[in-house]
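Remarks on the structure that follows.
Worth knowing before you read on, the calculation uses all heavy atoms, side chains too, and leaves out hydrogens, waters and symmetry mates.
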Amino acid sequence: MATRLAGLLVEAVAGTNLSGHRAVALINNLAVYASNGNPAHLGCVRGISVAATVADATALIRVYGPMLEPSFSFVPGPIFVGLNGSLTQTPPTTGWLQQIAVADSPTQIFVDPQPPIDLGN
């Protein structure tokens, strides 16, 4: 079961190998890549993985607050959950839509998951 840490992070057991800086859903209390093309992930997005984690180890997930990553290359504005944990600034038009963060600069985002919207297709 997820444990709150400082109100900004949670720990969860990785249900698969996870890369860092990807959208994560909790399914049966296991952290997996969130995918807006998977109806089972609707309403289960928790946040963004902080670092790579091997399956069955404890993953650290940012659920709220700033995240700085030199490999990010965003333009200021909203960030959405894409397929297989990807973070995208192009709003999905199929599956479901969920803003997970806002880019403050190319390399810094503010994680603040918003309620998902089922696109009904």
Side-chain angles (χ1 to χ4, degrees):
M1 178 162 250
T3 306
R4 282 197 78 67
L5 297 175
L8 300 172
L9 303 168
V10 296
E11 291 180 333
V13 174
T16 187
N17 291 341
L18 298 172
S19 297
H21 312 107
R22 303 277 295 271
V24 173
L26 289 183
I27 305 295
N28 298 321
N29 291 322
L30 296 175
V32 299
Y33 290 137
S35 187
N36 80 303
N38 187 334
H41 293 180
L42 178 66
C44 297
V45 173
R46 197 67 181 113
I48 299 174
S49 56
V50 172
T53 307
V54 296
D56 300 321
T58 300
L60 194 57
I61 303 161
R62 171 135 342 255
V63 296
Y64 183 82
M67 179 176 264
L68 179 65
E69 172 52 40
S71 68
F72 286 159
S73 60
F74 293 111
V75 296
I79 299 169
F80 304 94
V81 176
L83 295 174
N84 302 314
S86 65
L87 303 177
T88 180
Q89 290 196 283
T90 302
T93 57
T94 61
W96 47 268
L97 171 74
Q98 184 171 8
Q99 182 178 320
I100 193 167
V102 174
D104 297 322
S105 74
T107 59
Q108 182 166 316
I109 66 174
F110 193 89
V111 180
D112 184 14
Q114 300 300 303
I117 300 168
D118 187 348
L119 298 174
N121 49 18

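Checked against side-chain hydrogen bond (donor to acceptor under 3.5 Å, both in side chains), Ser71 has the following partners two or more places apart in sequence or in another chain: Glu69. The side-chain hydrogen bond (donor to acceptor under 3.5 Å, both in side chains) check on Asp112 picks up Gln114, with sequence neighbours excluded.
With hydrophobic clusters built from ILVMFWY side chains whose heavy atoms lie under 4.5 angstrom apart, Val111 shares a cluster with Val50. Under a hydrophobic-cluster definition in which Ile, Leu, Val, Met, Phe, Trp and Tyr are linked whenever side-chain heavy atoms come within less than 4.5 Å, directly or via other members, Phe110 and Leu60 are assigned to the same cluster.
Under a 4.5 Å side-chain heavy-atom criterion applied to ILVMFWY residues, the cluster that includes Ile27 comprises Val32 as well. Hydrophobic cluster membership of Val13, counting Ile, Leu, Val, Met, Phe, Trp and Tyr whose side-chain heavy atoms lie under 4.5 Å apart directly or via other members: Leu30.
Here the side chains of Ile61 and Leu9 are not in contact, with every heavy-atom distance at 4.5 Å or above. The side-chain heavy atoms of Leu83 and Ser35, taken from C-beta on, include a pair separated by under 4.5 Å. Proximity of Pro106 to Phe74: side-chain heavy atoms (C-beta onward) are nowhere separated by under 4.5 Å.
From Ile48, atom CD1 reaches atom CD1 of Ile100 across 4.5 Å, with rounding to the nearest 0.5 Å. Atom OG of Ser86 is separated from atom CG of Asn36 by 7.5 Å, given to the nearest 0.5 angstrom. A distance of 10.5 Å separates CG in Leu26 from NE2 in His41, rounded to the nearest 0.5 Å. How far OG of Ser73 is from CD of Gln89: 8.5 Å, rounded to the nearest 0.5 Å. One finds the CG atom of Leu42 at 9.5 Å from the CG atom of Leu119 (value rounded to the nearest 0.5 Å).
The heavy-atom pair separating Met67 from Ser49 by the smallest distance is CE-O, 3.8 Å. When all heavy atoms of Pro66 and Gln108 are compared, the pair lying nearest together is CB-NE2, 4.1 Å.
When Val24, Leu97, Val45 are each tested for a side-chain contact (heavy atoms from CB on, under 4.5 Å) with Val81, only one passes: Val45.
For residues 10-40, the set of pairs meeting the ring pair (Phe, Tyr, Trp, His ring centres under 6.0 Å) definition, not counting sequence neighbours, comprises His21-Phe72. Residue pairs meeting the side chain to side chain donor-acceptor pair (under 3.5 Å) criterion with at least one partner in residues 50-62, sequence neighbours excluded, do not occur; the list is empty.
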